[in-house]
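Everything on this sheet refers to the single structure shown next.
In what follows, chains are A, B, ... by sequence order, proteins preceding strands, each numbered from 1.
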Protein chains: 2
Amino acid sequence: MWELFQREKPRMLAAAAEADLSPMQAHALRMLDPEEPRPMSELAGALFCDASNVTGIVDRLEARGLVERLGAEHDRRVKALAVTPEGVQVRGRLFARMQDAPSSIAGLSAADQRALRDILRRALG
Amino acid sequence: MWELFQREKPRMLAAAAEADLSPMQAHALRMLDPEEPRPMSELAGALFCDASNVTGIVDRLEARGLVERLGAEHDRRVKALAVTPEGVQVRGRLFARMQDAPSSIAGLSAADQRALRDILRRALG
DNA sequence: TATTGTTATACTCTATAACTATA
DNA sequence: TATAGTTATAGAGTATAACAATA
């Protein structure tokens, strides 16, 4: 199972590198929602890392002009992370690169691919 | 697909933390073969990272007494990485923790789990 | 000359603890 | 008092370039 992800790791690294982003920066950008700004704390949860860590990751994304720290009206402590127009473009390219089926799976029969998709859909609820 | 992996990440982190290893150190230890020492370069390939990087990772594992740099008789440039008896124990615990089925998959029907296993087996060749 | 692994360097990721400003 | 985010710090991961030893 993990073997499958292991094999695809180079593709993830390449996708981030093409956008000139570190793997973590790419991951963070993917986790954000261009439609709806999310607080730093939520990003920390999505990345499974400490809040202090997110500060630096967002600093670098913001310096690149890909995200923006917005104020939240209901609570002046929280900073809502918005994806800038340029961020949306980079994010789109990242998703496009990763939505291609992993090569190991692309080699399966159409029936197997369909069955796999259905099973995973049930697994993820 | 990646969503599945994402959900299991905390378990991977916890497994490494329980052994008091960084995620990368745990990964490296898993990639090594207790039966047959492997050169640094092969580990770099398995980890998808630069050789210069592996030097530090192995330094820390060696300092913990989990691996050993052995000389290779056929080529005096290469250093063969052997897993020490203590390394074998830690490695065994890591594998045990990770071989439990991911919770999303454990919730599937027996038939789905069987089908998934068969499909993945074909995918991995 | 080419290859294996190390060192030097610079940057990123990571958690802990202490801090600011809000609530 | 408690929470959201930052800063300071120290350690770990990362790639590039230059290097030593060996092939």
Kindly write out the residues that satisfy side-chain hydrogen bond (donor to acceptor under 3.5 Å, both in side chains) with [X], not counting sequence neighbours, or none if the list is empty.
X: B/R7; result: B/E3
X: A/S41; result: none
X: B/D33; result: none
X: A/E62; result: A/R69

Could you list the cluster mates of B/L21? Members are the ILVMFWY residues connected by side-chain heavy atoms closer than 4.5 Å, either directly or through other members.
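B/L21 shares its hydrophobic cluster with B/M24, B/L29, B/M31, B/L32, B/M40, B/L43, B/L47, B/V54, B/I57, B/V58, B/L61, B/L66, B/V67, B/L81, B/V83, B/V88, B/V90, B/L94.
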
Could you work out the complete set of other residues in the hydrophobic cluster of A/V78, with links drawn between I, L, V, M, F, W and Y side chains under 4.5 Å apart?
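For A/V78, no cluster forms, as it stays isolated from other hydrophobic side chains.
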
Between protein and nucleotides 15-23 of chain C, map the contacts as a letter string: B base, S sugar-phosphate only, - none, heavy atoms under 4.0 Å, written 5' to 3'.
BBB---BBS

Could you give the [atom1]-to-[atom2] distance, from [X] to [N], as a whole number of Å?
X: B/R60; N: C/dC13; atom1: CZ; atom2: P; result: 17 Å
X: A/K79; N: D/dT3; atom1: NZ; atom2: C1'; result: 14 Å
X: B/E62; N: C/dT6; atom1: CD; atom2: P; result: 9 Å
X: B/D59; N: D/dT14; atom1: CG; atom2: P; result: 14 Å
X: A/L47; N: C/dT12; atom1: CG; atom2: P; result: 17 Å
X: B/L61; N: D/dA12; atom1: CG; atom2: P; result: 11 Å
X: A/L70; N: D/dA4; atom1: CG; atom2: C1'; result: 16 Å
X: B/I57; N: C/dC13; atom1: CD1; atom2: P; result: 16 Å

B/M98 side chain reached by B/R30 side chain, heavy atoms, under 4.5 Å:
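Side-chain contact under 4.5 Å: yes.
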
With a 4.5 Å limit on heavy-atom distance, are the side chains of B/S22 and B/R60 in contact?
no

Note: contacts of residues 22-31 of chain A with DNA chain C (heavy atom, under 4.0 Å) are A/S22, A/M24, A/Q25

With sequence neighbours excluded, what pairs up with A/A80 under the side chain to side chain contact (heavy atoms under 4.5 Å, CB included) test?
A/P37, A/L70

Just distance, no hydrogens or angles: give the donor-acceptor pairs under 3.5 Å from side chains in residues 117-125 of chain B, sequence neighbours left out.
{"residue": "B/R122", "atom": "NE", "partner": "A/D112", "partner atom": "OD2", "Å": "2.6"}
{"residue": "B/R122", "atom": "NH2", "partner": "A/D112", "partner atom": "OD1", "Å": "2.9"}
{"residue": "B/R122", "atom": "NH2", "partner": "A/D112", "partner atom": "OD2", "Å": "3.2"}

Sequence neighbours excluded - ring pair (Phe, Tyr, Trp, His ring centres under 6.0 Å) pairs with any residue from residues 5-48 of chain B
A/W2-B/F5, A/F5-B/F5

If you only use heavy atoms from C-beta on, which nucleotide in C/dG5, D/dG13, C/dT6 is closest to the side chain of B/R69?
C/dT6

Can you give me the bend angle of the helix from C/dT1-D/dA23 to C/dA23-D/dT1? Use the axis through the first five pairs and the one through the last five, nearest 10 degrees.
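Inter-axis angle at the termini of the helix from C/dT1-D/dA23 to C/dA23-D/dT1: 10°.
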
